[in-house]
Amino acid sequence: MKKILSALILSGLAATASAADTYGYLAFWQNPSDSSDVLHIKTTRENLNQLDASNELAAYCRGQDALAGVQKEQATGCQSVMPLQNTCVAVAYPRAHNRMTTENVVVISSPLFKNIHQTAITQCSKKFGTEGQCAIEASYCTSSDYYGGAIKTLWSRITSL
């Protein structure tokens, strides 16, 4: 019985390894001509392949640049672009700083959505202290299945084969 159960577990894990990968991006956009402009966070949609995620991010960056009047020869306002694969991210920042910047955000990445928020808050508090009043600004997973937890993710990947 133990051998059968072990074989089932191993085949389930192997099946999840061969399931379709999901990709996405986390990017920060700020007007390159005006550093006092608000920092925008962009995450791509869930459940995308690598090409679609890349195209969505590029379209967003071009669109934001056009709205801000950034010329094609100027640097884009998309900063700190983080490529993601089969994972989740959470972005925390100290509200006491009155403004989110690329220097005061804390980004945590993990395949486990359940703990990522608390980890981001904890790391932000370690960096800026409790007086920083850290808060979550964004959270995102490359696959919509990841929001349900590890067991749901595993089950979903097994049944998608």
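None of the values given here were measured: they were computed from a predicted structure.
Smallest separation of non-hydrogen atoms from E103 and K127: O-NZ, 3.8 Å. Closest approach of I121 and C134 over heavy atoms only: CD1-O, 3.7 Å. Nearest heavy-atom pair across Q50 and Y23 is N-CD1, 3.3 Å. When all heavy atoms are compared, the tightest approach of V81 to Y25 is CG1-CD2, 3.7 Å. Scanning both residues, S109 and M82, for their nearest heavy atoms gives CB-CE, 3.9 Å. The shortest non-hydrogen separation linking A120 to A92 is O-CB, 3.8 Å.
Surrounding CZ of R99 are more than 12 heavy atoms belonging to other residues, nucleotides or ligands, all under 6.0 Å away.
For the 3.5 Å distance criterion, the side chains of T119 and Q123 fail to qualify, holding no donor opposite an acceptor. Side-chain contact check for D21 and Q85: at least one donor-acceptor pair (N or O, by modelled atom type) lies under 3.5 Å. Side-chain N/O atoms of N55 and D52 include no donor and acceptor closer than 3.5 Å. Side-chain atoms of T22 and S143 include no donor-acceptor pair closer than 3.5 Å.
Across L26, I41, T102, a single residue satisfies side chain to side chain contact (heavy atoms under 4.5 Å, CB included) together with S80, and that is T102. When each of I116, N86, T87 is paired with Y146, the side chain to side chain contact (heavy atoms under 4.5 Å, CB included) condition holds for N86 and for no other.
R95 places a side-chain N or O within 3.5 Å of a backbone atom of Q133 that can act as its donor or acceptor partner. Side chain of Q79 to backbone of A27: no donor-acceptor contact under 3.5 angstrom is found. Counting only distance, with no hydrogens or angles, the side chain of N47 and the backbone of S144 share a donor-acceptor pair below 3.5 Å. Between the side chain of Y93 and the backbone N or O of A135, no donor-acceptor pair lies under 3.5 Å.
Clustering ILVMFWY residues whenever any of their side-chain heavy atoms sit less than 4.5 angstrom apart, transitively, puts L57 in a cluster other than the one holding V89.
Note: H117 NE2 to T122 OG1 = 12.5 Å, rounded to the nearest 0.5 Å.
The side-chain heavy atoms of V107 and F28, taken from C-beta on, include a pair separated by under 4.5 Å. With contacts defined as side-chain heavy-atom distances shorter than 4.5 Å, the pair L48/T142 does not qualify. Looking at V106 and V91, their side chains never come closer than 4.5 Å, going by heavy atoms from C-beta outward. Residues H40 and Q30 are not in side-chain contact: their nearest non-hydrogen atoms beyond the backbone lie 4.5 Å or more apart. Counting heavy atoms from C-beta outward, Q74 and S33 have side chains that approach closer than 4.5 Å.
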Requested in this report: Output, in order, the C-alpha distance, side-chain angles, deciding distance and verdict of side-chain contact (heavy atoms from CB on, under 4.5 Å) for T44 and Y140.
Outcome: CA-CA 9 Å; T44 52; Y140 163 77; 3.1 Å; yes

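Screening residues 62-91 for disulfide bond (SG atoms under 2.5 Å apart), with sequence neighbours left out, gives C61-C78, C88-C141.
Under the side-chain contact (heavy atoms from CB on, under 4.5 Å) criterion, T130 pairs with no residue, sequence neighbours left out.
Taking the six-membered ring where the residue is Trp, F113 and Y147 present perpendicular rings, their angle passing 60° and hence far from 30°.
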